[in-house]
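Below, all heavy atoms of this structure are taken into account, side chains as well, without hydrogens, waters or symmetry copies. Bear in mind the structure is a predicted one, so any value in this text is a computation, not a measurement. Here is how names work: the chains are called A, B, and so on, in the same order as the sequence lines, proteins then strands, and each is numbered from 1.
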Amino acid sequence: MRSPLYEYGLFGEGISLLVAVAIGFFFGFFLERGGLGNPHKLTGVFYLTDFTVPKVMFTAIVVAALGLYLLSDLKLLDMSRVWIVPTFFWPQIVGGLLFGAGFVLSGYCPGTAMTGFAEGRLDALIAMAGIGAGSFLFALLYPFVENFYLFSPMGDVTLPVLLGINHWIVLALVSALAGTMFFVMERYERAH
Amino acid sequence: MERNNYWSPYIAGAGLGLTLLAAFYVMGKGLGASSAFSVTAAVAAKGIAPEYAGTLKYFSRYLSLESPLRDWIVFEMIGLFAGALAGALAGGNFRIRFDKGKSIGNTARLFTAFGGGMAIGFASRLARGCTSGVALSGGAQLAIAGWIFVISMFASGFVLAAFFRRLWQ
């Protein structure tokens, strides 16, 4: 078990920035090829006219999740050295609610705004300026939101750990859920 | 509308999933995006008003570093731009334009783009990330963070879209 490669010291911080550019390149390439630089497609899901966002997103989640847990079970990847996204229950619920509103209003999220800009969309550049301004506003108001920001921490808890069941059961459920969702979306799109 | 010369969302999604898996395998962390805007905002604030920026507790996580822009996500976003540009040029999607819904004007679009962006910027700080860092990366890790963020994001998006149909339809 010699991976994550960076965590096991295969290369240093300087090389890690080159890796960042390379990984970012594929990230942006697939976002663009999937149509996720286009705000009409990005917001389509909320109007039930275009399901590109959930299709791309849940395909990516399922592929990466199956790969991650498979590599871990095959002892090819040391999961304890992977940085797990920490859970802060209420801040992430409220953050998600506000984020959804911003998504519909602007037609983008941070990564897809950069994608839209790379396709020549100047409104995406305005949205990016807004994202920077919103980050600044957060820093400005931080003394007032700090208590809430740090409220309800749950650590790096995952669904299998929380539910106390084997991760392959959760992975099967998530895959089945995604598959069912895709089936319903395809049916709906054909009917409309 | 647009010419539709995009790939199947399932193919693009699989590519995106493999990219995320590569990030886990090589770096031991997932993808991200929003923090690049936060770091940049902090550095810009320091450039404009260094003393004031130094008093902002939240930005000290970036500004206490020797070179805040020497950051993994900032470099990843540079790569993202290059990759998206390559995809746009290859697919014939590159065109300078100001995109908006059919039934809103240019001024309104300026406000929705900037205002929506602001909500996203604020929300991403509160949630510890965005659709990339929390929803996609957290979701794939089966982290609770990713799933509660995804559910609340879609819920509020649906409600807002129902009230503001003219934004995009």
Side-chain angles (χ1 to χ4, degrees), chain A residues 4-7 17 20-21 24-26 28-30 32-35 43 46 52 55-56 59-61 63-65 67 82-83 85 87 91-93 95-102 104-106 109-111 115 118-123 126-127 130-132 134-136 138-139 142 158-159, chain B residues 6-7 9 12-13 15-17 19-21 26-29 33-34 37-38 41 56 58-59 72 75-76 79-81 83-85 87-88 95-96 98-99 112-114 116-123 125-127 130-132 138-140 142-145 149 152-153 156-157 160-161 168:
Chain A
L5 304 177
Y6 180 63
E7 289 292 313
L17 296 178
V21 175
F25 184 90
F26 286 101
F29 182 78
F30 288 121
E32 198 285 330
R33 289 292 73 216
T43 55
F46 301 116
T52 303
K55 284 180 192 173
V56 172
T59 303
I61 286 179
V63 166
V82 174
W83 185 81
V85 179
T87 299
Q92 278 160 341
I93 295 275
L97 293 174
L98 183 61
F99 192 97
V104 174
L105 271 177
S106 69
C109 60
T115 308
E119 288 179 326
R121 286 188 174 81
L122 300 179
D123 56 304
I126 306 291
I131 296 168
S135 310
F136 176 75
F138 184 82
Y142 189 68
T158 61
L159 283 167
Chain B
Y6 299 118
W7 288 357
L16 193 55
T19 306
L20 175 55
L21 185 58
V26 177
M27 292 304 302
K29 62 184 174 192
S34 63
F37 295 94
S38 188
L56 295 172
Y58 185 79
F59 277 171
W72 200 84
F75 277 72
E76 183 226 66
L80 190 155
F81 176 81
L85 183 63
R95 183 163 52 84
I96 302 285
F98 189 73
D99 212 342
T112 60
F114 192 81
M118 275 191 85
I120 287 171
F122 191 95
R125 293 305 91 220
L126 190 59
C130 60
T131 13
S132 309
L142 304 178
I144 305 299
F149 183 82
S152 50
M153 175 187 87
S156 107
L160 195 85
W168 292 102

Count the heavy-atom pairs under 4.5 Å between each of [options] and chain A, then report the option with the highest count.
options                       : result
B:F149, B:W168, B:F114, B:F37 : B:W168
B:G157, B:C130, B:G138, B:S34 : B:G157
B:L160, B:L20, B:I144         : B:I144
B:G15, B:G139, B:A41          : B:G15
B:A143, B:S132, B:G87         : B:G87
B:A33, B:A119, B:A123         : B:A123

Spacing of [atom1] belonging to [X] relative to [atom2] belonging to [Y], to within rounding of 0.5 Å:
X      : Y      : atom1 : atom2 : value
B:L16  : A:F30  : CG    : CZ    : 8.0 Å
A:I126 : B:D99  : CD1   : CG    : 13.0 Å
B:M118 : A:L105 : CE    : CG    : 12.5 Å
A:Q92  : B:M153 : CD    : CE    : 13.5 Å
B:R125 : A:F138 : CZ    : CZ    : 7.5 Å
A:T52  : B:W7   : OG1   : CH2   : 15.0 Å

Answer yes or no: is there a side-chain heavy-atom contact under 4.5 Å between [X] and [Y]?
X      : Y      : answer
A:S106 : B:T112 : no
B:I96  : A:L122 : yes
B:L56  : A:F136 : yes

What is the minimum heavy-atom distance between A:E32 and B:Y6, and which atoms define it? O-CD2, 3.4 Å
Which pair of heavy atoms, one from B:G17 and one from A:A64, lies closest together, and at what distance? O-CB, 3.5 Å
Apply salt bridge (charged side-chain N to carboxylate O under 4.0 Å, His left out) to B:E76 and list each qualifying residue two or more places apart in sequence or on a separate chain. none
Side chain [X], main chain [Y], donor-acceptor under 3.5 Å:
X      : Y      : answer
B:S156 : A:L97  : yes
A:W83  : B:G28  : no
B:T131 : A:C109 : no
A:T87  : B:A145 : yes
A:D123 : B:F98  : no

If you count heavy-atom pairs under 4.5 Å between each of [options] and chain B, which one has the most?
options                       : result
A:A101, A:A127, A:G132, A:G96 : A:G96
A:G111, A:G34, A:P91          : A:P91
A:A60, A:A20, A:P4            : A:A20
A:L17, A:V82, A:I93, A:V63    : A:L17
A:S135, A:G35, A:A139         : A:S135

Tell me, please, which residues at least two apart from B:S38 pass side chain to side chain donor-acceptor pair (under 3.5 Å). B:Y62
Suppose we call two aromatic rings close when their centres sit under 6.0 Å apart. Are A:Y6 and B:W72 close by that rule? no
By a 4.5 Å heavy-atom criterion (distance strictly below it), what part of A:T43 contacts chain B: side chain, backbone, both, or neither? side chain
Considering residues, nucleotides and ligands other than A:F26, do more than 12 of their heavy atoms fall under 6.0 Å from its CZ? no
Please work out whether the ring planes of A:Y142 and B:Y58 are parallel, tilted or perpendicular, with thresholds of 30° and 60°. tilted
